[in-house]
Structures are given as C-alpha cells and as structure tokens.
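Okay, so here's the structure we're looking at.
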Amino acid sequence: MTGQEIPFPPENSRIDGLAATFAARLIDWQRRCGRHDLPWQGSDPYRVWLSEVMLQQTQVRTVLPYFARFVARFPTVEALAAAPLDEVLALWSGLGYYARARHLHAAARLWVARWPGTCPQGAQEWAQLPGVGRSTAAAIAAFVQRERVPILDGNVQRVLCRLFAVEEDPRAAATARRLWDAAHALLPRDPDDMPAYTQGMMDLGALVCTRTRPRCDLCPVAELCAAHRLGIAAQLPRKRARAPVPEQDVRWGWYEEDGAVWLVRRAPQGIWGGLWCLPPADEAPPGRWRAAGEIARLTHRLTHFTLNITVTRYLPETPRAAEHAAAWGEEARCLTPHEALALGVPQPLRRLLAQAVDVPIEHAKGNMRRLGVAKGKFEVSERIDEHDEDVARLFRGKEKP
DNA sequence: GATTCGTGGAA
DNA sequence: TTTCCAAGAAT
C-alpha cells in the first residue's frame with residue numbers, strides 16, 4: 001500500500017484498501033497526537049452542537065472564552081430555550097456572524113419542543129435545526145451518534161485538495177461535489193471509529209496540513225498524498241482572485257443625556273442584525289438636540305468591505321429623557337455606557353463604550369483614533385465576572401417560560 | 001451559482 | 001502593512 005495514491009475521484013474498485021489505510025493511519029495519529037482536552041469534547045450533545053455552531057468560520061482560540069461563558073450561563077438546551085434572545089445576543093457580542101446566535105436560539109426552542117428530553121437522532125435530524133448545515137450536522141452526528149457521515153469544512157477541503165492534488169477551486173460547486181464524494185469514500189468502516197476519525201480530520205488540517213508551511217514531515221498520510229509526491233502541497237488549494245474591498249462611510253449619533261446614551265435595535269436582517277447600536281446621526285431621538293463635536297472616527301474592517309464610522313456627539317436642548325423613552329418605544333433605550341456594555345452590541349461600538357467608561361472588556365483589541373489624541377493601540381484585559389454580573393442584572397426577571 | 005454575514009489570528 | 005481565511009449557513 002505504501003507509495004500508492006488514492007484515485008480522484010475515488011473508484012470503488014480501488015478505494016477500499018487505500019481508504020482503510022488512510023483511515024487507520026489518521027485514527028492512530030489522532031489518538032497519539034490529536035487534541036483531546038477541548039471543553040466540548042465528550043458525549044453531551046448540547047455542548048457538541050453549541051461548539052460546532054460557534055466554530056463556524058471561527059478559530060478554536062477565539063471560541064474558547066465565549067464557550068465557557070455560554071455554558072456557564074446556559075448549561076442545558078432547556079436553559080437556552082427559556083432565555084430571551086437579547087441575552088443570547090449579549091453573550092454572543094464580539095463573536096461575529098450574529099445570525100448564528102439568532103438561529104441558535106430558535107434551534108434550542110425547536111429542539112426542546114420536538115425532541116423533549118433527548119436530541120435530534122442522526123445528521124438528517126440535526127440538519128433540521130436552523131443554523132446547522134450539512135457539514136455541521138455531520139460533525140455532530142459523527143461525535144454524538146457515531147454516524148458514518150463525512151464533514152467538509154475548510155480544513156478538510158484543504159486536506160483533500162492536497163491528498164488528491166486538486167487544482168480546481170474547492171469552493172466551485174462542481175469541485176465541492178467531488179470533494180464530498182471523496183470525503184464519504186474515505187470514511188472508516190467501523191462506526192465506533194467515527195469520533196476519532198472526524199476529530200483527526202479536523203486536527204490534521206489545524207495542526208499539520210496547515211494553510212502555510214504544511215508539516216508534511218509529521219503527516220501520518222504523507223505517503224498517500226499526491227500533492228506531497230508532486231512537491232506542491234504548500235501551493236494547494238489554489239487561491240482565487242479576490243475583488244478589492246469597497247469602503248463605506250457611516251455616521252453614528254452619540255445622543256447623550258445625563259450621562260446616558262441612546263441605543264436603538266438594528267433590524268434583524270443585515271449586518272449586526274438584532275444588536276443594539278448608536279442611531280444614525282441624522283435620526284435623532286424625539287426632542288431638540290445640538291451637535292457637540294465629533295467624538296471618534298472608527299475604521300472597522302470586515303471580510304467584504306471596510307466601514308468608516310464617524311461618531312458625532314449631541315446634547316439635548318431641553319432635558320426630558322423620560323418623555324423620549326416613551327416616545328421612541330421598546331426598540332430604543334437610554335443607558336449609561338456601562339449598562340450598554342451588557343447588551344449585544346457590535347464590536348466597534350463595544351470598543352467605543354469601553355473607552356468611554358474606562359472599563360476593560362474581553363476581546364476588545366484593536367485600533368481606535370480619537371480626535372485630538374494621538375492614534376492609540378489598546379488591548380484590555382478580561383473582566384468576565386463583572387461583565388456577567390451586568391448581564392445578569394440587566395436581564396433579571398425577563399425570562400420566558 | 002453568487003452574495004452576505006464579523007472578528008481576529010497569522011504570515 | 002496587507003492579505004488570507006478559519007470546525008459554513010442562509011438567502
């Protein structure tokens with residue numbers, strides 16, 4: 001078997017023996033060199049599901065503190081289902097892709113309603129939860145139910161592109177279909193091997209078959225790898241040409257009254273859907289306001305575009321916050337910056353609020369330029385306990401049965 | 001099939 | 001600094 005490669009796409013007549021070798025070597029390597037101490041590894045379907053959603057397009061290191069806070073507040077799917085969406089968004093604040101949090105909350109309620117006291121049985125049923133697609137459903141089912149279904153995340157795509165020396169863009173639909181077929185053909189025969197095998201595919205991509213500088217000298221399946229034999233492992237998968245990122249200018253209003261600032265809930269669709277944010281500078285709360293200068297200019301880089309945010313401070317001509325609150329309804333709140341930090345807010349606003357109250361927050365790292373002040377780089381430490389107390393106080397008594 | 005959706009790590 | 005992209009899914 002040594003030195004042979006697995007044909008791509010795999011042919012049934014030749015695949016069995018080679019696939020068995022691939023799976024056996026990967027499983028053995030995972031048990032010796034893979035990751036075994038991640039906090040979601042185990043038999044709890046809730047923790048596996050939660051982690052898989054958090055890990056979508058997000059690195060393990062980033063997820064770890066969010067996962068810890070989340071399971072501390074919501075130890076079970078029943079606790080998550082009973083919570084208000086606002087508290088879920090608050091705990092998700094800073095993690096990004098907030099549709100995941102909205103889907104997670106809806107999925108928890110569907111879960112307890114349709115599978116009370118248990119959980120979805122198999123990938124087919126896991127995929128019925130909102131926010132759980134084919135790859136996530138397969139990962140959960142492989143770990144929890146030992147089902148023989150393949151995953152195809154970014155790591156596995158890269159591993160397979162190298163294993164078969166695939167030159168095409170793995171994101172193209174036609175190529176992706178062949179990669180799914182290949183991933184299925186490589187699965188181990190014994191269902192009991194599925195957890196170690198699936199974790200092994202993830203670990204291999206994350207620890208050995210990395211995007212840059214792959215460690216082929218440590219790879220348990222290097223002898224089966226076409227790209228390694230051709231000496232092009234580091235060049236695969238081919239990167240696609242990317243269009244230049246456009247810029248967009250946004251103006252936010254810092255409407256301040258008696259040390260509190262107005263926030264409005266963003267629409268559920270679109271960027272930062274459902275989160276609390278400063279209102280646009282030209283949409284003042286009820287009452288008469290006067291501009292009091294620019295507070296900050298923020299540059300926020302996203303994958304597909306760059307946001308240039310200008311924040312202007314406004315002060316009331318006449319103090320009457322209570323009337324404003326009644327006039328602007330439930331989707332607007334006037335809170336101190338400290339209180340606002342306990343809500344689900346976009347990361348650039350989180351940085352601005354943290355600076356306003358000089359309260360460190362977790363994962364608020366980056367650059368911010370204050371007018372009249374030299375450009376400063378700040379990195380703040382973790383104050384999880386205090387933040388959690390704020391969250392608990394803000395949402396106390398608001399849970400639904 | 002192509003877009004949209006966040007943030008931060010790494011080179 | 002810039003660029004790529006990570007345990008992808010929904011539209």
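Throughout, a chain's letter reflects where its sequence line sits, starting with A, and its residues are numbered from 1.
For A/Arg265, the salt bridge (charged side-chain N to carboxylate O under 4.0 Å, His left out) partners at least two apart in sequence or on another chain are A/Asp86, A/Glu331. Under the salt bridge (charged side-chain N to carboxylate O under 4.0 Å, His left out) criterion, A/Arg215 pairs with A/Asp217, not counting sequence neighbours. A/Ala142 pairs by the side chain to side chain contact (heavy atoms under 4.5 Å, CB included) definition with A/Met194, A/Thr198, not counting sequence neighbours. Under the rule for a salt bridge (charged side-chain N to carboxylate O under 4.0 Å, His left out), A/Arg288 has no partner lying at least two apart in sequence or in another chain.
The CG-P distance, from A/Leu95 to B/dG9, rounds to 12 Å in whole Å. Atoms CD (A/Gln248) and C1' (B/dT3) sit 15 Å apart, rounded to a whole Å. Taking atom CZ on A/Arg100 and atom P on B/dG6, their separation rounds to 9 Å, with Å as the unit. Regarding A/Leu64, its CG atom lies at a distance of 12 Å from the P atom of B/dG9, rounded to whole Å. Rounding to whole angstrom units, CE of residue A/Met54 and P of B/dC5 are separated by 22 Å. One interatomic measurement links the two molecules: CG of A/Leu302 to P of B/dT3, which rounds to 17 Å at whole-angstrom precision. Between A/Leu298 atom CG and B/dT7 atom C1' there is a gap of 15 Å when expressed in whole angstrom units. As rounded to whole Å, 12 Å separates atom P of B/dG6 from atom CH2 of A/Trp92.
At a threshold of 4.0 angstrom between heavy atoms, the contacts of A/Ile271 are confined to the sugar-phosphate backbone, with no base atom among them.
Residue pairs meeting the salt bridge (Lys or Arg N to Asp or Glu O under 4.0 Å) criterion with at least one partner in residues 127-156 of chain A, sequence neighbours excluded, are A/Arg146-A/Asp192.
For the C1' atoms, the distance linking C/dA6 with B/dC5 amounts to 14 Å, nearest Å. With P as the reference atom, C/dA7 and B/dA11 are 14 Å apart, rounded to whole Å. Of the P atoms belonging to B/dG8 and C/dA10, the separation is 24 Å, rounded to the nearest Å. Of the C1' atoms belonging to C/dC4 and B/dG6, the separation is 15 Å, rounded to the nearest Å.
For A/His300, the side-chain atoms get nearest to B/dT7 when compared with the rest of B/dA11, B/dG8, B/dT7.
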List the steps, then state whether ring-ring contact (aromatic ring centres under 6.0 Å, His included) holds for A/Trp276 with A/Trp262.
-> CA-CA 10 Å; A/Trp276 293 86; A/Trp262 281 96; over 10 Å; no
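Taking each heavy atom of A/Trp92 and A/Leu104 in turn, the nearest pair found is CZ3-CD2, 3.9 Å.
Listed pair A/Arg351 / B/dG8 meets the phosphate criterion, a side-chain N or O lying under 4.0 Å from OP1 or OP2. In terms of phosphate contacts, A/Trp272 brings a side-chain nitrogen or oxygen within less than 4.0 Å of OP1 or OP2 of B/dT7.
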Sequence-aligned protein contact record of nucleotides 6-11 of chain C, with B where the base is within under 4.0 Å of a protein heavy atom and S where only the sugar-phosphate is | BBBSS-
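Place A/Gln269 and A/Ala173 on DNA chain B by their nearest nucleotides, and A/Ala173 ends up nearer the 5' end.
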